Amino acid sequence: MENSFKGRKVLITAGPTYEHIDPVRFIGNHSTGKMGFALAECFAQRGAKVQLVAGPTHMKAQHPSVKVTDVTTADEMYEAVKQLAAKSDIWVFAAAVADYKPKVAADRKIKKAGAELTLELVKNVDIAAALGKEKREDQFSVGFALETDNESSNAREKLLKKNLDMIVLNSLNDPGAGFKHDTNKITIIERDTTTAFELKQKSEVAQDIVNLIGERLYA
Ligand code: CTP
């Protein structure tokens, strides 16, 4: 059990991404990176070598088998992940990647002018979906979904669209779940199985996720 991931290579994305508007401003979100870092620790404690590609967070990895690559934008996260994906056995996409970025990042600070300012946004690369197209038979991928409506069917759609083997659904309708909480209530959806868990500390949620991945891969 302890060493069930011995010799396995795990790639994890974590935290938010910041998309530059100008040199002093960005579009971001409230992701803390806690879930991704907790997963990294958990895999490492069980013998895995972990590559953690993290957007801006205050989190620090503890375990010597967790190697962190710091990135800022979705494009940087994608570049870092692409370098590591082929040599990883398991991919976990825990980052809250900004869906859109400013079409142009101004190279000078934008000065205030009229009463309105319009920012043109363009879609960011979907890292999980792009990698999903490259996934080999011997690789296993896990995504996250944060939903408010039609939770299971939306999550299931993402599972298929991004070619994931497992998707961890966080319901925003559950008090104590999601951003800014130390607790989470998850449901894990696979192609033909759904497993619901109680509200727990994020570190315990990480154990549940890693346990189930271990069961599917190495039981
Ligand atoms: N994800 C990603 N790259 C993106 C957006 C999302 O890798 N540009 C990953 C997340 O890390 C997560 C999963 O995809 O594992 C689901 O992300 P989510 O933002 O909930 O899904 P979207 O497909 O962006 O759908 P929507 O925001 O419309 O709900």
Side-chain angles (χ1 to χ4, degrees), residues 10-20 26-40 43 50-57 59 68-69 71-86 88 90-103 121-135 139-174 177-180 184-191 202 205-206 208-210 212-213:
V10 182
L11 169 63
I12 301 176
T13 67
T17 64
Y18 287 179
E19 310 300 327
H20 304 298
F26 58 84
I27 295 172
N29 61 65
H30 289 299
S31 168
T32 58
K34 269 183 197 148
M35 193 67 236
F37 276 74
L39 285 162
F43 278 114
V50 182
Q51 290 280 355
L52 182 58
V53 179
T57 76
M59 307 288 299
V68 182
T69 303
V71 296
T72 304
T73 65
D75 288 332
E76 288 169 16
M77 185 174 277
Y78 182 48
E79 287 309 313
V81 162
K82 266 199 302 192
Q83 303 298 320
L84 298 164
S88 304
I90 300 167
W91 303 335
V92 182
F93 302 106
V97 183
D99 286 327
Y100 293 88
K101 66 178 173 185
K103 188 169 183 182
L121 304 180
V122 293
K123 235 196 198 129
N124 260 329
V125 56
D126 186 324
I127 299 169
L131 282 235
K133 297 198 174 85
E134 314 280 316
K135 192 174 58 147
Q139 294 179 308
F140 191 88
S141 72
V142 183
F144 281 73
L146 192 65
E147 305 288 346
T148 51
D149 309 296
N150 305 318
E151 301 172 324
S152 316
S153 63
N154 281 343
R156 192 166 290 284
E157 212 172 279
K158 279 177 198 169
L159 179 82
L160 299 176
K161 202 174 84 186
K162 303 187 192 213
N163 192 24
L164 302 165
D165 298 290
M166 206 178 251
I167 190 156
V168 181
L169 171 64
N170 292 296
S171 168
L172 273 184
N173 299 326
D174 289 306
F179 287 155
K180 292 206 158 167
N184 230 353
K185 186 171 182 330
I186 59 157
T187 304
I188 297 183
I189 298 176
E190 297 163 87
R191 306 263 156 156
K202 282 189 181 170
V205 172
D208 286 340
I209 296 167
V210 173
L212 198 59
I213 296 170

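None of these values were measured; they are calculated from a predicted model. Both ligands and their constituent atoms are indexed starting at 1 by order of listing.
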For this session: Considering the heavy atoms of G143, write down every atom of ligand 1 situated less than 4.0 Å from one of them.
Result: 15 (O)

For this session: Would you tell me whether E19 and T17 have side-chain atoms, one donor and one acceptor, within less than 3.5 Å of each other?
Result: yes

Seminar exercise, completed: Correct closest heavy-atom pair for L164 and K135 would be C-NZ, 4.3 Å

Exercise. From atom 8 (N) of ligand 1, is the closest protein heavy-atom distance below 4.0 Å?
Worked result: yes

Seminar exercise, completed: If we number the atoms of ligand 1 from 1 as shown, the ones under 4.0 Å from a heavy atom of K162 are 1 (N), 6 (C), 9 (C), 13 (C), 14 (O), 16 (C), 17 (O), 21 (O), 22 (P), 23 (O)

Exercise. So which of D126, V97, V125, D99 gets nearest to atom 24 (O) of ligand 1, if we judge by its closest heavy atom?
Worked result: D99

Exercise. Does an N or O from A94, backbone or side chain, lie closer than 3.5 Å to an N or O of ligand 1?
Worked result: no

Exercise. Are any of the N/O atoms in N124 less than 3.5 Å from those in ligand 1?
Worked result: no

Seminar exercise, completed: Interatomic distance, CZ@R156 vs CG@N150, rounded to 0.5 Å, equals 13.5 Å

Seminar exercise, completed: Among N170, L169, I127, closest by heavy atom to atom 3 (N) of ligand 1 is I127

Seminar exercise, completed: In this structure, CG of L11 is separated from CH2 of W91 (nearest 0.5 Å) by 8.0 Å

Problem set entry | Close N or O approach (A128, ligand 1; < 3.5 Å) | yes

Exercise. Is there a heavy atom in A95 that sits closer than 4.0 Å to ligand 1?
Worked result: yes

